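In what follows, chains carry the letters A, B, and so on, assigned in the order in which the sequence lines appear, proteins first and then strands, with residues in each chain numbered from 1. None of these values were measured; they are calculated from a predicted model.
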Amino acid sequence: MTSLFEDEITLFADLILPVPVPRLFTYRVPRTMAEMIKVGARVIVQFGKNRVITAVVAHIHSNPPALYQAKYILELLDDEPIITTKQLELFNWISEYYLCNIGEVLNVALPAGLKITSQSRIQHNPEFDYEELLTDQERFILDEIKKHATLSYEEVARMVNQTNITAVIKSLVGKRAIILFEEVKEKYKPKVVKKIRLTSAFVSEKSLVELTSSLDKIPKQQDILMRYLSHVPVYNHADLNQKGLDKSIFSQDDSLSDSALQTLIKKGVFEQFDIVVSRFADIPLGPPAVVNLTESQTTAFKEIHEAFSEKEVVLLLGITGSGKTEVYIELIKQAMESGSQVLFLLPEIALTTQIVVRLRKVFGDAMGIYHSKFSDNERVEVWKGILDGKFQFVVGVRSAIFLPFDNLGLIIVDEEHETSYKQHDPAPRYHARDVAVIMAYMHKAKTLLGSATPSLESYYHARSGRYGLVEITQRFGNAALPTFVLIDTKKEKKQKTMKNEFSSVLLEHLESNLNNKEQTILFQNRRGYSPYMQCEECSWISECANCDVSLTYHMKVAELRCHYCGHKEEVPRTCPACGSPKVKTMGYGTEKIEEELHLLLPAARVQRMDFDTTRAKNAYQQIIQEFEEGGTDILVGTQMVSKGLDFDNVSMVGIFDADRIIHFPEFRASERAFQMLTQVSGRAGRRADKPGKVLIQTANPAQKILERIIQNDYTGMYDAEILEREQYHYPPFTRLIKITVKHVDEATSKRAAVVLAEKLTANLGQSRVLGPEPPLVERVRNQFLFDILIKLEREKINFKAAKSFIQEKVIDILTDKTIKGVHVVIDVDCV
DNA sequence: AGCACGCCGACT
DNA sequence: GTCGGCGTGCTC
């Protein structure tokens, strides 16, 4: 609307602030910003008395708030939105569905590099002359501050060599001796490389010849010039000079003098300039890979296409090693050709492996990678790259669903059954697979879920016709499925043929595999050396001081560690309870298996891959690379070894303690066991000429679930499992909401949980509210936990209404004056 | 979440 | 008597 009065309308903006408060905040838009400000742009505002934070514009309007005076927006950070309208819609959906605040969504969505932090700067007050009012310490600090124009808290702390100076600073502010002000700084810094090139005067052949002869008597400078020309043949290709040469080339080589280079720069022969580079240069591009689909892959591709014409979501069930990736690649290409964006989600663990390298070979620089081990600057680069169209295709982990897409055509969720797609802490506790389906719907895009062992939920939807279903039943290159050997550990124990955790059968196979120069993967889903220590005299057990779990013994670092809170202790030489020296390690984890392999098979080169050995940024890749190059004979690991490792020379997989996985006290145990063991088994024998072997150690080889794993009978497992789910009202027939009540005092925690459960039961009915009961680990970080599980039938219950009722009751408990200090976590669709 | 304001124990 | 402990309540 253009009217004569246009400039008299004051604009207001409703902002999303990255704080857990369940509403938007309305600020006043300064006149100067009125033309520029856009929904989705970042602004800086004062929030509360002393905080300055970044916020995102959600709405712009001209309704002044009636109940309070709106503050002014301090600064506008973006000319163009960095959050798309579709994203705002999605963030809203997430906050409503998963019962959290939109600020919490924003908080995990934005890479830290796009958040602005306010930093208090300190300077002295020139008008202050009441030094006699100051204490000695204050005077000392003030003198230090006076020496500089401005300082940060940290700088002052360092100068006076104290860690906590907030109190003194506060007092100095109170006495008006110093002034605080806020400095806002952008965290993201593009990566620049310093480069050197000849100045334009020396590019011509003639001037170069002259230059060379003039440097005859100055060998150091001559060397530099020669080195430059050897990398950049300016004689033949004058235009190459424009791009210059990395300055680092000169500094790497000790024989070249940096000061000589500086002199040449001063003389005007060379000039230095900076270029902004992408941070993804280190993942090799390689020659573009040509993908030829096999017959079964082509069929699958066509079927997926047909299914997409009717269904929004298609489940691709392709057995391990069936070459799903090639099918994905074709689909991605096609979607990109039509101009749409594509998002490919992978579980955290699988992302650093071969699949990314393969995709990059096909899609090159048009592909962005979003991974938690990437630095923040790298994430900002992907974010901005999507906004300005550089990346049409992104491969990423679960948090990649927050990226600023505006035109998605296809989302692929690989290994869709993986539980790592669900975020547990902090809020939003979202499931990336489920969000992907919603997001695709918002973009009018299609979703492809892929897995060899789909989640029961997804397969149920496929069976019921809600999703399309496409199967690939043939392994790539017709590789045979592995043969299975079940090893009865009960029997071997009786016959005393076990060597600690190793059955004689497993050892024999390990040995012969080693002799054949073939590789083995050993799977034990427990890290550390042993899960607990025990005193043989008084049966004392190592326990965490903060949590209700045993402390795991880690041998290499000689520590007892809590896997829940990170608490560490020294290893006791004698029993802390009775003083006996007979403190023994009990049970076994990956570390112990690694150690025993050294003793049992000294010739084998053993590597371990678990949380502890892969913490560093590239450790994971190094272990895998060494394994791939044949430098490792036996790879011992946790779940990490079960995904995405496809190596031809692995002919055997060994699984310890399958029973612990099968009998995990959880309703999904069978499903999980099937998925986990099938995935690990899939690592063996990817060649057509020789089937791999999978050895499973179990105390009960007759278990039905093992038979199904061996037969690769997914539907058998599904049919059995789904009956139980229906009978006992579990997903996919119901949706689950888990409420966890926490309090430092056990009785208070229980009381709060009981009161809450009663309120919930009153409306939802007895059968829908389970508990409260203490979870498997009753105490974590000194808080006592109680779980309430709510089951809501899919077809019968208005999910939205039930959720707001639940939220209401939770707020009742949190504001109950008789129960103070409780924390409550609501987990929608808990897994 | 932060951060400020506000009411009760160990120190110059 | 003060410094400071962290309990509770608000943030446009």
Side-chain angles (χ1 to χ4, degrees), chain A residues 10-30 33 37 39 41-76 91 95 98-110 112 115-120 122 133-138 153 162-175 180-182 184 423 425-429 742-745 748 752 781-783 810-826:
Chain A
T10 310
L11 291 182
F12 294 88
D14 296 341
L15 307 179
I16 307 172
L17 303 193
V19 287
V21 181
R23 63 171 156 252
L24 300 176
F25 290 85
T26 306
Y27 281 77
R28 190 183 276 259
V29 180
M33 259 177 233
I37 197 165
V39 168
R42 290 172 305 157
V43 294
I44 291 176
V45 291
Q46 192 182 67
F47 184 59
K49 242 185 155 180
N50 268 321
R51 286 170 78 194
V52 176
I53 53 177
T54 325
V56 170
V57 181
H59 310 287
I60 300 171
H61 56 84
S62 52
N63 315 319
L67 300 172
Y68 52 86
Q69 189 65 40
K71 286 182 182 166
Y72 274 105
I73 292 172
L74 301 177
E75 248 182 279
L76 176 62
F91 291 2
S95 79
Y98 292 105
L99 298 178
C100 66
N101 304 299
I102 188 140
E104 292 173 307
V105 181
L106 187 70
N107 221 359
V108 300
L110 278 189
K115 294 176 203 165
I116 300 281
T117 49
S118 74
Q119 207 182 13
S120 293
I122 300 160
L133 290 179
L134 303 180
T135 66
D136 287 351
Q137 190 199 23
E138 285 169 358
Y153 267 75
Q162 282 176 13
T163 46
N164 194 356
I165 53 159
T166 42
V168 193
I169 296 296
K170 223 180 211 167
S171 159
L172 282 167
V173 172
K175 291 173 180 172
L180 292 184
F181 62 100
E182 300 294 325
V184 172
Q423 164 140 327
D425 228 24
R429 298 180 171 76
K742 308 181 185 185
H743 198 278
V744 281
D745 177 59
T748 313
R781 290 168 207 273
N782 274 326
Q783 300 250 344
V810 167
I811 290 168
D812 281 358
I813 288 293
L814 290 175
T815 51
D816 189 327
K817 294 275 186 276
T818 64
I819 312 168
K820 283 179 196 165
V822 243
H823 290 265
V824 180
V825 171
I826 309 177

Taking distance alone, no hydrogens or angles, what donor-acceptor pairs closer than 3.5 Å link side-chain atoms of residues 101-108 of chain A to residues at least two apart or in another chain?
unit_1   : atom_1 : unit_2   : atom_2 : d
A/Asn101 : ND2    : A/Pro20  : O      : 3.4
A/Asn101 : ND2    : A/Glu104 : OE1    : 3.3
A/Glu104 : OE1    : A/Asn101 : N      : 2.9
A/Asn107 : OD1    : A/Lys115 : NZ     : 3.0

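- The cationic atom of A/Arg429 (NZ for Lys, CZ for Arg) does not lie both less than 6.0 Å from the six-membered ring centre of A/Tyr98 and within 45° of the ring axis.
- The six-membered or imidazole ring of A/Phe12 lies away from that of A/Tyr27, with a centre-to-centre distance of 6.0 Å or more.
- No option in A/Leu24, A/Val43, A/Thr54 other than A/Val43 meets the side-chain contact (heavy atoms from CB on, under 4.5 Å) test with A/Leu15.
- Residues A/Val39 and A/Ala58 approach most closely at CG1-O, 3.5 Å, considering heavy atoms.
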task: Classify every nucleotide of nucleotides 6-12 of chain C by which part a protein heavy atom approaches to under 4.0 Å, writing B for the base, S for the sugar-phosphate alone and - for neither, in 5'-to-3' order.
output: --S--BB

